[in-house]
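Heavy atoms only: backbone and side chains are in, while hydrogens, waters and symmetry mates are out. Lettering follows sequence order; numbering is per chain, from 1.
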Protein chains: 4
Amino acid sequence: MLTLKDARRVIEAAEKKAEEIGQPMNIAVVDAGAQLLAHIRMDGAWIGSIDISINKAFTARAFDISTEELARNSQPGDQFFGIHASNQDRVMIFAGGIPLKGSDGSIVGAIGVSGGSGAQDQAVAEAGAAAHTC
Amino acid sequence: MLTLKDARRVIEAAEKKAEEIGQPMNIAVVDAGAQLLAHIRMDGAWIGSIDISINKAFTARAFDISTEELARNSQPGDQFFGIHASNQDRVMIFAGGIPLKGSDGSIVGAIGVSGGSGAQDQAVAEAGAAAHTC
Amino acid sequence: MLTLKDARRVIEAAEKKAEEIGQPMNIAVVDAGAQLLAHIRMDGAWIGSIDISINKAFTARAFDISTEELARNSQPGDQFFGIHASNQDRVMIFAGGIPLKGSDGSIVGAIGVSGGSGAQDQAVAEAGAAAHTC
Amino acid sequence: MLTLKDARRVIEAAEKKAEEIGQPMNIAVVDAGAQLLAHIRMDGAWIGSIDISINKAFTARAFDISTEELARNSQPGDQFFGIHASNQDRVMIFAGGIPLKGSDGSIVGAIGVSGGSGAQDQAVAEAGAAAHTC
C-alpha cells in the first residue's frame, strides 16, 4: 500500500529532476485505487497542467500502463483510439504518467507529471518512479 | 503571491493539527486564482474528501469567505440557497475552507480541509491558515 | 433584438450602481436566446461570481422571471424545488437576475449580477435593467 | 495585474480589427489566474463561439502559449495529442488564443477570439494583444 510518505518521496525526486532541467512542473501521485494521494504545482508551472498531471497519474494506474505507451495505441486508426474520451475525459494519452510498482512487482499507484515537453514530462516522471522502486 | 513553499508550510501546520486530534484529513491549498497549488491525503483519510478539500479551498477563494460562514447564508430560505449548484458544483457550503491573507490583508489563496466532522475540519483549516498569517 | 450596444448600456448602468454602493460585481447580459452577449468582472469582484452572474442572466431569460421571484418558488417544499439542478446546474435561484423587456413588453434578454449580498446584487441588476427599458 | 480597464482596451482593439475585416466575433479576456475578466459577442457573431472564445483565452493562459502554436503540437501523433480532452474539455487547439504580457515580459492574462476562419480569429486576437503590450 502506498503511503503519503511514499508519495512525498516520489514527488521530491521528481521535483529535484524538474529543477535540474529548469522546467517547473505539476506532479501528482495516486494510490492503488487510482485516487489522488498528493499533488504539487511548482512555482511558475502551468495552471492547465494541474488537471493533466493528476489525470496522467490516474490513467497510468487505471490501465496499468505508462501514458507514453498508451499513446502509441491511441492515435487515429489504433486499437484504442477514442479512449481519451472515456472516464469523463480523464484518460491522458501523452507521456508523463508512469505506474509505481511494489517490491513484489505489483502496481501500487502511479505518478503523473505535466509542465513541459513530452520528453521533459517523461524524464521527470521516471525520476519520481525510480525513487519508489529503489 | 502564494508560493509552493507557503502552501507546504500551511499544509504542514494543518497536518500536525490533524495528527493531534487523531483524524486523518485531505488538505489542499489554492492560489489567488483559486487554482490548486498543493494537496495531500493523509493515510486513512476518506477518498471522497479529495474532491471536497480541493473544492473547499476553491470556494473560500472564489468568494473570499470561509465555507463555514458561507454555509450560514446558503441554507434553504437563505439569500444564497442554491449557490452549491453553481460553478459546476464546486461550491462547498460546509466548514473547512478558509481564505489565506497576505501581510497587507489581501487574500492570496485559501486552504481546504475535509476528513472529519465539521468542527474537526474547521480546526485543522484554522491551524493551517494560522501558519500562513504568522 | 438586443444588440451588443444595448448590453453595454445595461452593463454601464449596473456598473455605475455597483460603484455607488462600493461593491465590485460581475455583470452579464444574455440575449433572447439566453446566450451570453457580454460580461464584465469589476476589479476585486469574486471569481466565483463569474459563473453565477452569467447563469443568473441565463435563468432570468430561460424562465422569463427574476431569479429573486424564482427563489420564492424553489425552496424545499415549494412547487419548483429541485429546479436548480436542472439545465446542467445553470439555474440560479437567488436574487440578481432580471429579464430585460423590449418597448412592446416582450422579453428580449436578461441581466445577471453577482458579487455582494442578495440585496446588493438585486439593486445593481435593477439599475441595469432600468437602463434598458428607459 | 490585469484590470477591467486593460481588458476593455484589448477588446476594443480586437473589435476594431473584426470590424475592419467584416467578420463579427466573440472576444474574451482572462486574467493571470485564467479566470474571465470580460467578454463580448458582436452582433451577428456565432453563438457557438461564446464558449470557444472564453476557452481559447483560458487555454492561452493555462499553458502560456498561443492556441495556434499549441495546435501544432496536438495533432494525431504529436506529443500533446489528446490534450483537448483535458481540463474538462476547455482546451482549445486551434488559432485565436494569445497570452497577454506585462511590461516585464511576464504573462498576465490572455485574449481569446472566435467567429471566423482560423486566420481571421488569429488576426483579431493579435490586434487585441498588441493593444495591451503597447
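- Looking only at side-chain heavy atoms (C-beta outward), B/F81 and C/P76 come within less than 4.5 Å of each other.
- Interatomic distance, B/R90 CZ to C/D89 CG, rounded to the nearest 0.5 Å: 13.5 Å.
- For the pair C/Q88 and B/Q88, the minimum side-chain heavy-atom distance is 4.5 Å or more.
- Only the backbone of B/A32 comes within less than 4.5 Å of a heavy atom in chain C; its side chain stays farther off.
- Residue B/T59 holds its OG1 atom at 11.5 Å from CD1 of C/I47, rounded to the nearest 0.5 Å.
- The CG atom of B/D64 sits 9.5 Å away from the OG atom of C/S49 when rounded to the nearest 0.5 Å.
- With a 4.5 angstrom heavy-atom cutoff, B/I107 does not touch chain C via any of its atoms.
- Annotation for B/E12: atom CD does not count as buried by contact number, only 12 or fewer foreign heavy atoms lying within 6.0 Å.
- B/F63 has its side chain within reach of C/I52: a pair of non-hydrogen atoms, C-beta onward, lies under 4.5 Å apart.
- Highest contact tally toward chain C, considering only B/S106, B/G82, B/A62, is held by B/A62 [criterion: heavy-atom pairs under 4.5 Å].
- Taking both residues in full, the closest heavy atoms of C/F94 and B/Q79 are given as CB-O, 3.0 Å, listed atom of the first, atom of the second, then distance.
- We find the CD1-OG distance between C/I93 and B/S86 to be 11.0 Å, quoted to the nearest 0.5 Å.
- Contacts between C/S117 and chain B at a heavy-atom distance below 4.5 Å involve backbone atoms as well as side-chain atoms.
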